[in-house]
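The next block holds one structure in the form of structure tokens; read it before the comments.
Whatever order the structure lists ligands and atoms in, that order sets their numbers, starting from 1.
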Amino acid sequence: MINIVLFGPPGSGKGTQAQNLIEKFNLKQISTGDLFRFNMKNDTELGKLAKSYIDKGELVPDQVTTDMLIDELRKPTDTNGFIFDGYPRTVAQTEALEKIVKDELNDEIDICLSLVVEDKILVERLLKRGETSGRSDDSNVEIIQNRIKEYYTKTAEVAELYKQQGKYVEVNGVGDINEISEKLFAEVEKVK
Ligand SMILES: Nc1ncnc2c1ncn2[C@@H]1O[C@H](COP(=O)(O)OP(=O)(O)O)[C@@H](O)[C@H]1O
Ligand SMILES: [Mg+2]
């Protein structure tokens, strides 16, 4: 089993790179953002709750997000491992994930791959994605700025925890998508 945390600010390319990692290593992606969007589209109770945060560019509370992640992880699947995309986003979630992976998979996180992209490029990418994604949180600059602010105030410190464990690797997220993937593949190969 190989378990990867894909880390980085909104728009850094986590979703894009997760697709390539899945194909390369036969992994299952667990994207908390995608799971919330699925629930919002289907207008579930969870979706309605999530929407009240996501539309403002805020993080959904830890407990709600973690419960949803556990449900997803418990679904039977034939996989070589997991890519966690968009989770953990807080210190509490990082601690929760360590416990979940141990309890549910009898395993641990092998590596935290962090995509580094400057803010100006993030905003450009997210506005462009908003033209076609229909995502309410990509629709205007204020919401996007708030998401980036949430990242720096609540999420960036997650990196420190993985650094302390010697599991943190930064990769430049600007440039050709396949070249970035190759760099990520090489880092995964080292811990596989
Ligand atoms: N290396 C890259 N170069 C240019 N654009 C990119 C790159 N990686 C991703 N993008 C674009 O940036 C936007 C955000 O990417 P995405 O993978 O959805 O990021 P995240 O999941 O981290 O929010 C998308 O529109 C995507 O097409
Ligand atoms: Mg994403």
Side-chain angles (χ1 to χ4, degrees), residues 3-25 27-41 46-47 50-51 53-60 64-66 68-69 72-73 82-90 93-94 97 111-159 162 168-188:
N3 299 305
I4 300 169
V5 167
L6 202 48
F7 191 75
S12 57
K14 299 184 293 296
T16 304
Q17 294 300 332
Q19 279 313 310
N20 289 345
L21 285 159
I22 288 167
E23 286 171 29
K24 174 81 179 174
F25 297 107
L27 304 170
K28 180 177 175 181
Q29 175 191 18
I30 298 191
S31 163
T32 45
D34 287 351
L35 292 169
F36 284 131
R37 284 186 284 278
F38 178 81
N39 277 279
M40 293 195 291
K41 204 175 104 208
L46 174 62
K51 189 170 164 41
Y53 295 94
I54 290 173
D55 280 359
K56 290 184 278 185
E58 292 174 10
L59 296 183
V60 179
V64 176
T65 310
T66 299
M68 179 179 72
L69 181 97
E72 188 65 19
L73 202 62
F82 292 88
I83 298 182
F84 297 95
D85 163 4
Y87 188 103
R89 271 192 158 97
T90 64
Q93 291 180 13
T94 311
L97 183 63
I111 191 167
C112 173
L113 294 170
S114 175
L115 293 165
V116 180
V117 177
E118 65 191 89
D119 293 358
K120 188 167 156 286
I121 298 179
L122 296 175
V123 176
E124 285 169 10
R125 284 184 183 179
L126 292 171
L127 283 173
K128 187 147 183 295
R129 185 173 73 181
E131 290 170 12
T132 52
S133 70
R135 281 179 55 165
S136 53
D137 58 345
D138 286 343
S139 60
N140 79 65
V141 177
E142 285 73 35
I143 298 171
I144 289 171
Q145 299 282 15
N146 201 40
R147 290 165 64 199
I148 294 172
K149 191 177 128 251
E150 287 274 85
Y151 175 80
Y152 286 110
T153 55
K154 296 179 183 164
T155 306
E157 59 188 335
V158 166
Y162 288 112
Y168 183 79
V169 179
E170 283 187 348
V171 169
N172 182 0
V174 183
D176 179 77
I177 288 171
N178 290 321
E179 282 176 20
I180 297 167
S181 298
E182 289 300 330
K183 288 186 212 157
L184 297 173
F185 294 168
E187 295 300 336
V188 174

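- At a 4.0 Å heavy-atom cut-off, the residues surrounding ligand 1 are Pro9, Pro10, Gly11, Ser12, Gly13, Lys14, Gly15, Thr16, Arg125, Arg129, Gly173, Gly175, Ile177, Ile180, listed by chain and number.
- When the shell of 6.0 Å around CZ of Phe38 is examined, it contains 12 or fewer heavy atoms from other residues, nucleotides or ligands.
- Residues Pro9 and Ile148 form no side-chain contact, since every pair of their non-hydrogen atoms from C-beta on lies 4.5 Å or further apart.
- Taking Phe185 as the reference, Phe25 meet the ring pair (Phe, Tyr, Trp, His ring centres under 6.0 Å) condition, with sequence neighbours excluded.
- When the side-chain contact (heavy atoms from CB on, under 4.5 Å) test is applied to Ser133, the partners found at least two apart in sequence or on another chain are Arg129, Arg135, Asp138.
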Considering only distance and modelled atom types, tabulate donor-acceptor pairs under 3.5 Å from the side chains of residues 15-22, sequence neighbours left out.
from  : atom 1 : to     : atom 2 : distance (Å)
Gln17 : OE1    : Ser181 : N      : 3.4
Gln17 : OE1    : Ser181 : OG     : 2.5
Gln17 : NE2    : Ile177 : O      : 3.2
Gln19 : NE2    : Gln29  : OE1    : 3.4
Asn20 : ND2    : Ser181 : OG     : 2.8

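- Under the 30°/60° scheme for interplanar angles, the aromatic rings of Tyr151 and Phe7 are found to be tilted.
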